[in-house]
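Worksheet for the structure shown next.
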Amino acid sequence: MFTRRSFTLMLAAAPLSACADAPATSSRPSLRQADPELVPRATAGWSAWVEGFKGRARSAGIRADVIEAAFRGQGFVPGVIARDRNQTEFRRSFEDYIAIVAPERKVQAGRAAFARHRSTLQAIESRYGVPAEIVAAIWGVESNFGTRRGDIPTISATSTLAFDGRRGAFFEKQLVAALRILQSGDVTPARMTGSWAGAMGHTQFIPTSYLQSAVDFTGDGRRDIWSDDPTDALASAAAYLRGAGWQAGASWAVEDANGNLTPDRGGPSFRTGPNFRVIKRYNNSDSYALGVGHLADRIAGGGPLRQAFGPDRYGLTIDQRQQLQRKLTAAGFDTDGDDGVIGPKSRAAIAAFQRSRGLAATGDPSVALLNML
Ligand SMILES: [Ca+2]
């Protein structure tokens, strides 16, 4: 039943990576256990804000008993604000993004997850016209195939951000939507958890997207995107993409040296198709859409990207960056792996090495540094 489609055929590539909004872990070591700053606490300021908000929630049509039950045990989450403030706006290269969202191990995990849920994914494809591997890739990028769904209570996360005010109006809207979900009976307050930014379940729906697109594919009467069974979440993602205008049989993008999109100067080019902008409705980023499409291709059996990436803005190729990471680690400056992505840990290792040599601790990689090691 499963057939490859044109949209995947040409991309042979490497991994893609996903978002910066790293959701908490759901089953394994709980984020909340790992970080006390993620435990909700009813501070005076937050509690006062909630009291004022309750009236607005009532006006929006939420029942008083639903509101009371929803806020029981919830609170302000300092770690949510810390994460919101830490969203550095540095632009990750497409090469780094792909290395993070679609490394080989994730491709393998994706193929295994696809095999386990093949019949469900195919049934979803039949219903919504969105290819099974695209849905699987979104699952992989959003929650690493359900292993990182997030365990921060959504009412606490969204009320913390609404109270904080930096993006207050947006998060108050999400909070009202979350209450509406509770009022519908799809989930209990205790089970309604997600990322620090309020993205919930296997496919990381924010509450308003849930209200717009979530479906009960299992037929038990609940649109359950939080349970271990990913069925409703995967179907909801497909419903969302269909609603955003997915064209069955059309391409998202193909690798093409003369393409219209070249995310990194000197790197791979792509010719985008009609479904490219549809994937971007999930997350408005070219890298995201290319990442999802590429992971889908790889899950469907495709290989790594064929076009090479050139040197990065520091003049280093991925081989050199990996070499740098290995040498730093061997010299006692742990980079926590050698994926070739120079992230915070690699930068800290570089800075420590620079300090040890009496150099300015810039944390920037360079060919000179590599030679020195
Ligand atoms: Ca269901």
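Counting convention: from 1, in listed order, for ligands and their atoms alike.
- Each of T231, D224, D232 was checked for a side chain to side chain contact (heavy atoms under 4.5 Å, CB included) with D216, and the lone residue meeting it is D232.
- Judged by the 6.0 Å and 45° rule, R85 forms no cation-pi pair with W196.
- Between the OD2 atom of D232 and the O atom of R222, the angle centred on the Ca ion (ligand 1) amounts to 80° when rounded to 10°.
- Ionic pairing of R166 and D164 is not present here: no N-O contact between side-chain nitrogen and carboxylate oxygen is shorter than 4.0 angstrom.
- Residue T218 counts as close to the Ca ion (ligand 1), with an N, O or S atom under 3.0 Å.
- In terms of distance to the Ca ion (ligand 1), the nearest N, O or S atom of D220 is named OD1.
- Here the N, O or S atom of D216 that is nearest to the Ca ion (ligand 1) is OD1.
- Between D228 and R149 there is a salt bridge, since at least one side-chain N of the basic residue sits less than 4.0 Å from a carboxylate O of the acidic one.
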